[in-house]
2 protein chains.
Amino acid sequence: MKKLYEFLEERGISPTIQRLKILKYIEENLKHPTVDMIYQEISKEIPTLSKTTIYNTMNLFVEKGIVSELCVGEGEVRYEINLAPHAHFRCTECGNIFDVELDLKIFKIKKVDGNQIMHTSVYFTGKCSECLKKKGMINE
Amino acid sequence: MKKLYEFLEERGISPTIQRLKILKYIEENLKHPTVDMIYQEISKEIPTLSKTTIYNTMNLFVEKGIVSELCVGEGEVRYEINLAPHAHFRCTECGNIFDVELDLKIFKIKKVDGNQIMHTSVYFTGKCSECLKKKGMINE
DNA sequence: TTTCATATTTGAACCCTTTACAAATTAATT
DNA sequence: AATTAATTTGTAAAGGGTTCAAATATGAAA
Ligand SMILES: [Mn+2]
Ligand SMILES: [Mn+2]
Ligand SMILES: [Zn+2]
Ligand SMILES: [Zn+2]
């Protein structure tokens with residue numbers, strides 16, 4: 001926990017209990033959690049936790065470049081530790097979101113039609129291998 | 001309008017006034033409008049129009065494959081006439097959404113890591129050429 | 001330690017998009 | 001015309017997210 005403490009301090013963020021637990025959670029949880037998922041978990045340890053604090057903290061972390069926001073449809077915002085740009089796959093059956101490690105040169109494009117690109121999002125939706133297995137839906 | 005009438009009938013959709021106006025609007029408006037934008041416009045012609053009808057109709061059109069839903073962040077759903085898969089650019093300054101005609105072989109991928117891909121989404125965000133011009137922000 | 005100023009957290013109210021649902025309207029059948 | 005089915009409408013409600021002021025914790029100064 002000392003490491004997380006310093007990690008925040010180095011970035012000019014007061015390392016409060018709430019922020020440390022949240023940071024620890026998203027560091028250990030690579031499932032691209034929603035605010036609600038984070039809240040459900042951490043409120044077990046901090047019963048007085050407010051959901052507003054999660055929203056505040058996530059916005060702060062995004063500003064500081066610690067985590068990145070993710071939009072894969074469904075109108076829910078998801079979060080993950082900031083990594084190299086990568087694509088995602090969302091299963092419409094189980095709802096899980098997987099990292100996709102395709103070597104996508106698309107992430108290197110910085111300008112298109114004169115427009116300056118700041119961020120690139122690539123995601124797929126469909127049925128994941130597990131759900132295909134369970135349902136015997138492997139056709140091709 | 002006769003053409004739109006037949007267009008709906010051929011697909012087993014009763015061509016009501018509301019549906020015809022909505023279809024006409026998204027056919028002429030290639031700006032990827034939101035439900036609210038569609039509502040604001042068409043309620044001028046049909047003052048009794050309900051926003052629920054827009055939601056119903058857009059869901060129906062999506063089911064029937066007439067239009068496609070679009071998610072380019074910001075948690076707003078947008079719609080456009082169903083076209084060949086293409087990428088989008090959303091300007092964070094003016095909010096406009098542009099089609100991006102890159103020849104992306106990524107749309108041809110049907111399977112990744114054993115997951116079956118049903119849909120692929122690619123979008124960029126940043127500052128569009130117009131906004132760069134207005135602000136004298138053209139650096140590179 | 002005590003005091004005071006600042007930062008953070010909390011919880012309630014609120015906004016916005018979308019869905020649910022039942023009543024009202026319209027269209028189609030008999 | 002009468003009955004039935006489809007569509008539209010309007011209200012309520014769900015869900016995610018923000019705003020804001022009061023409560024609490026933090027940290028520096030005295
Ligand atoms: Mn990821
Ligand atoms: Mn488009
Ligand atoms: Zn799955
Ligand atoms: Zn712009």
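Throughout, a chain's letter reflects where its sequence line sits, starting with A, and its residues are numbered from 1.
The separation between Arg19(B) atom CZ and dT26(C) atom P is 15 Å, rounded to whole Å. Taking atom NZ on Lys51(A) and atom C1' on dA13(C), their separation rounds to 16 Å, with Å as the unit. As rounded to whole Å, 17 Å separates atom P of dT24(D) from atom CD1 of Ile17(A). In this structure, the CD atom of Glu74(B) is 13 Å from the C1' atom of dG17(D), given to the nearest Å. Between the CD1 atom of Ile54(A) and the P atom of dT8(C) there is a distance of 16 Å, given to the nearest Å. With rounding to whole Å, Glu76(B) atom CD is found 19 Å from dC15(C) atom P. Rounded to whole Å, the distance from CD1 on Ile22(B) to P on dT8(D) is 8 Å. Lys21(A) places its NZ atom 19 Å from the P atom of dT8(C), with the value rounded to the nearest Å.
Across all strands, Gln18(B) comes closer than 4.0 Å only to sugar-phosphate atoms, never to a base (heavy-atom distances). Within 4.0 Å of Asn56(B), counting heavy atoms only, lies at least one base atom of the nucleic acid. If you check every strand for non-hydrogen atoms under 4.0 Å, Thr48(B) touches sugar and phosphate atoms only.
Under 4.0 angstrom from either OP1 or OP2 of dT19(C) there lies at least one side-chain N or O belonging to Asn59(B). Residue Thr16(A) has no polar side-chain atom (N or O) positioned under 4.0 Å from OP1 or OP2 of dT8(C). Contact annotation: Thr52(B) does not reach the phosphate of dT11(D) (side-chain N/O to OP1 or OP2, under 4.0 Å). In terms of phosphate contacts, Tyr55(B) brings no side-chain nitrogen or oxygen within less than 4.0 Å of OP1 or OP2 of dT19(C).
Across dT18(C), dT7(D), dA7(C), the shortest atom-to-atom separation from the side chain of Val35(B) is found for dT18(C). Checking dT8(D), dG10(D), dT8(C) against the side-chain heavy atoms of Ser50(B) singles out dG10(D) as nearest.
The pair Glu80(A)-Arg78(A) does not count as a salt bridge, with every side-chain nitrogen at least 4.0 angstrom from each carboxylate oxygen. Salt bridge status for Glu130(B) with Lys133(B): present, with a side-chain N to carboxylate O gap under 4.0 Å. The pair Lys3(B)-Glu6(B) fails the salt-bridge criterion, with no side-chain N (NZ, NE, NH1 or NH2) lying under 4.0 Å from an Asp/Glu carboxylate O.
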Which donor-acceptor pairs under 3.5 Å do the side chains of residues 52-68 of chain A make with protein atoms, sequence neighbours left out?
| unit_1 | atom_1 | unit_2 | atom_2 | d |
| --- | --- | --- | --- | --- |
| Asn56(A) | ND2 | Thr52(A) | O | 3.4 |
| Thr57(A) | OG1 | Thr53(A) | O | 2.7 |
| Asn59(A) | ND2 | Tyr55(A) | O | 3.3 |

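Positionally, the nearest nucleotide of DNA chain D for Thr53(B) lies more toward the 5' end than for the other of Thr53(B) and Arg78(A).
Between His88(B) and His32(B), the ring-plane angle classifies as perpendicular under the 30° and 60° cut-offs.
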